[in-house]
Every structure is written in structure tokens, then in C-alpha cells.
Amino acid sequence: MKILILSDEEVKTLWDYFDKAKLDGIDLVISCGDLDPDYLSFIATFTHAPVLYVHGNHDTKYDEHPPLGCICIENRVYKFNGVKIAGFGGCVRYSNEDSHMYTQFQMFKQVLKLLPSVFFRRGLDIIVTHAPAYQLGDAPDPAHVGFKAFVHLMDWCHPKYLLHGHVHGNYGQKFNRVISYKDTTIINGFREYVLEYEQE
């Protein structure tokens, strides 16, 4: 299964200079947040693949203008072709400007609330987040530190993948696109990344 991961910056060849070939063979599109809702709606009109998303910390406009034809998977488990996917939006609270920010404790409560659903479905295959997990692809500044709850969730559920955004590849620091943590491969979906997901 081929999954197109998007996050944080719109890809010109998927919007301004649209190239439909970029969507050829894509089975699933996943947005890790901070993308224009019209961008996701546009992609959804040109693919038969479901377009899933979580909120980034700057996605306040989604409240009034959600991406049409797309599926929000935040704080729920979504199953696609047998693959179990859970989503968590937002980032660690560093200001009061945006609504999609949470303290470490608030995110831990969100994760705990979803656990019964996760265990009922016998685990997760993919976790989709906006912010990264703590010290696993995050950054030391207060705006880009990761959530500790995601580390615990990986320890409990052993997903194959955790997909996130929030940490941009052009920040001038070391950019970790793909890293590993125990049984989980962690992918930063900044702009775009195509994942070849091998189903059992």
C-alpha cells in the first residue's frame, strides 16, 4: 500500500502547478497538520484515496472551514484496508494564540482516553500526530518539543509507524526525516513523503 504523507508546507506540484501523476498509485493520503484546508480539499477531488488529517497547531481555520472530502482522525481509531490508524493533533502549549495546543498532561489524558478503543482493536499499526514524540525528532525550543505521551503510546502498542510534522526541514538544524524507536519507524512528513507500507 502506498501512502502519501503531507505536512506543514503545501507542495506546488500538488496545487499551484498540479501534476496528477504525483497521485498515481497512491492508496491513502495522510496530513499531519498545518496545511491549508483548500489544499487538502483540492487533493481529495483528484484522488480516489481517502484523505485523512489531524489538526496542526495553526489549523484554527478548520473550525469554520474544514477540508471538504477529507476525514479527521483526531482522537479516534480509523481502519483502512485492515490497517489501524490513530490520530492526535496539535503541539505542546507555548502560547495562548492557537487553540490546538496542549500541555504534556492534557495530551497524556487524550492518549489514555483512546486506549480502550486501541486495546479493543488489538493495537495500532500507524499513529498520526502533528507534533513529534519527545526527543524523537523534536527540537529543544519550547515551540517544537515533543509529547512524552506519544513515547508511552509506542511502548504500549508497538505500532509500525508514527507519522508527524511540525518540525520543518528548513529550520537550519539537523533534520531527522526517518528515525527508529524500538519496533516503530518514525517519519517526519514535512512537505511530502511517500511510504510504501507492507501489509501482512
Side-chain angles (χ1 to χ4, degrees), residues 1-8 14 23 26-45 47-91 98-102 106-133 137 146-147 149-150 152-154 156-166 184-190 192-195 197 199:
M1 180 168 67
K2 187 180 286 188
I3 302 174
L4 175 62
I5 308 163
L6 305 169
S7 192
D8 296 285
L14 284 172
L23 296 173
I26 296 296
D27 302 296
L28 184 65
V29 179
I30 295 178
S31 166
C32 296
D34 278 355
L35 292 171
D36 191 308
D38 290 331
Y39 172 66
L40 295 183
S41 299
F42 181 83
I43 290 171
T45 62
T47 180
H48 295 295
V51 179
L52 314 182
Y53 71 91
V54 296
H55 292 85
N57 55 296
H58 298 305
D59 287 335
T60 52
K61 67 174 73 172
Y62 282 34
D63 299 336
E64 299 291 329
H65 182 56
L68 300 176
C70 305
I71 302 165
C72 181
I73 59 166
E74 206 158 304
N75 300 319
R76 59 179 285 207
V77 178
Y78 179 86
K79 198 169 184 179
F80 176 72
N81 286 355
V83 179
K84 294 165 285 188
I85 307 166
F88 298 93
C91 74
D98 297 314
S99 60
H100 299 287
M101 293 188 187
Y102 309 97
Q106 286 173 326
M107 183 54 72
F108 193 70
K109 284 172 61 178
Q110 288 186 39
V111 168
L112 286 179
K113 189 175 180 180
L114 194 66
L115 277 184
S117 231
V118 170
F119 291 143
F120 178 76
R121 291 170 175 80
R122 299 185 180 181
L124 293 171
D125 300 304
I126 299 174
I127 301 170
V128 178
T129 67
H130 178 60
F147 281 113
F150 299 158
H152 291 298
L153 187 58
M154 287 188 285
W156 294 329
C157 300
H158 308 283
K160 291 182 179 178
Y161 294 96
L162 185 144
L163 316 176
H164 72 88
H166 194 50
T184 304
T185 299
I186 299 171
I187 299 173
N188 185 331
F190 175 66
E192 64 175 327
Y193 185 91
V194 175
L195 169 63
Y197 183 93
Q199 293 176 273

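Here, residue 1 is the first one in the sequence, and each next residue gets the next number.
Between atom CD1 of residue Ile71 and atom CZ of residue Arg76 there is a gap of 7.0 Å, rounded to the nearest 0.5 Å. In this structure, the separation between CG on Leu115 and SG on Cys157 is 6.0 Å, given to the nearest 0.5 Å. Rounding to the nearest 0.5 Å places CG of Leu6 at 12.0 Å from CZ of Phe190. For the atom pair CD1 of Ile5 and NE2 of His164, the computed distance is 10.0 Å after rounding to the nearest 0.5 Å. For the atom pair Tyr102 OH and Cys91 SG, the distance stands at 9.5 Å (nearest 0.5 Å). In this structure, Leu68 CG and Leu40 CG are separated by 10.5 Å, a value rounded to the nearest 0.5 Å.
A pairwise comparison of heavy atoms in Pro67 and Pro37 identifies CB-O, 3.5 Å as the closest pair. In terms of heavy atoms, Val54 sits closest to Gly89 at CB-CA, 4.0 Å. Counting all heavy atoms, side chain and backbone alike, Ala131 lies closest to His166 at CA-CB, 4.0 Å. Here the shortest heavy-atom pairing between Asp59 and Leu35 reads OD1-N, 3.5 Å. Between Ser41 and Cys70, the shortest heavy-atom contact is N-SG, 4.3 Å. The minimum heavy-atom distance between Gly33 and Ser7, with the atom names listed, is O-OG, 3.5 Å.
Within the 4.5 Å cutoff, side-chain heavy atoms of His100 are placed close to those of Asp63. Looking only at side-chain heavy atoms (C-beta outward), Val111 and His152 stay at 4.5 Å or farther from each other.
Residues meeting the salt bridge (Lys or Arg N to Asp or Glu O under 4.0 Å) test with Lys84, sequence neighbours left out: none.
Looking at Asp125, its side chain never comes within 3.5 Å of a backbone N or O of Pro159 through a donor-acceptor pair. Of the possible polar contacts, none joining the Thr47 side chain to the Ile43 backbone as a donor-acceptor pair under 3.5 Å is found. When atom types are taken as modelled, the side chain of Glu74 and the backbone of His55 share a donor-acceptor pair closer than 3.5 angstrom.
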In sequence, state the C-alpha distance, the side-chain angles, and the governing distance for Lys113 and Asn75, and then conclude on side chain to side chain contact (heavy atoms under 4.5 Å, CB included).
-> CA-CA 8 Å; Lys113 189 175 180 180; Asn75 300 319; over 6 Å; no
Run the side-chain hydrogen bond (donor to acceptor under 3.5 Å, both in side chains) check on Asn57 and His130 step by step: do they pass?
-> CA-CA 8 Å; Asn57 55 296; His130 178 60; 3.0 Å; yes
Report the C-alpha distance between Phe147 and Phe88 in whole Å, list the side-chain angles of each, state the deciding distance to 0.1 Å, and finish with yes or no for ring pair (Phe, Tyr, Trp, His ring centres under 6.0 Å).
-> CA-CA 10 Å; Phe147 281 113; Phe88 298 93; 9.2 Å; no
Side chain to side chain contact (heavy atoms under 4.5 Å, CB included) between Leu52 and Val128, worked out = CA-CA 9 Å; Leu52 314 182; Val128 178; over 6 Å; no
Worked verdict on Asp38 versus His65 for side chain to side chain contact (heavy atoms under 4.5 Å, CB included) = CA-CA 9 Å; Asp38 290 331; His65 182 56; 2.7 Å; yes
Stepwise side chain to side chain contact (heavy atoms under 4.5 Å, CB included) check, Leu153 with Met107 | CA-CA 11 Å; Leu153 187 58; Met107 183 54 72; over 6 Å; no
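More than 12 heavy atoms of other shown residues, nucleotides or ligands fall within 6.0 angstrom of atom CD in Gln199.
Taking the six-membered ring where tryptophan is involved, the planes of Tyr197 and Tyr161 are tilted, since the angle between them lies from 30° to 60°. Ring geometry for Tyr78 against Phe80 counts as parallel: the plane angle stays under 30°, on a 0 to 90° scale with 60° as the upper cut.
Tested against Leu4, the residues Leu14, Ile30, Leu195 include a single side chain to side chain contact (heavy atoms under 4.5 Å, CB included) partner, Leu14.
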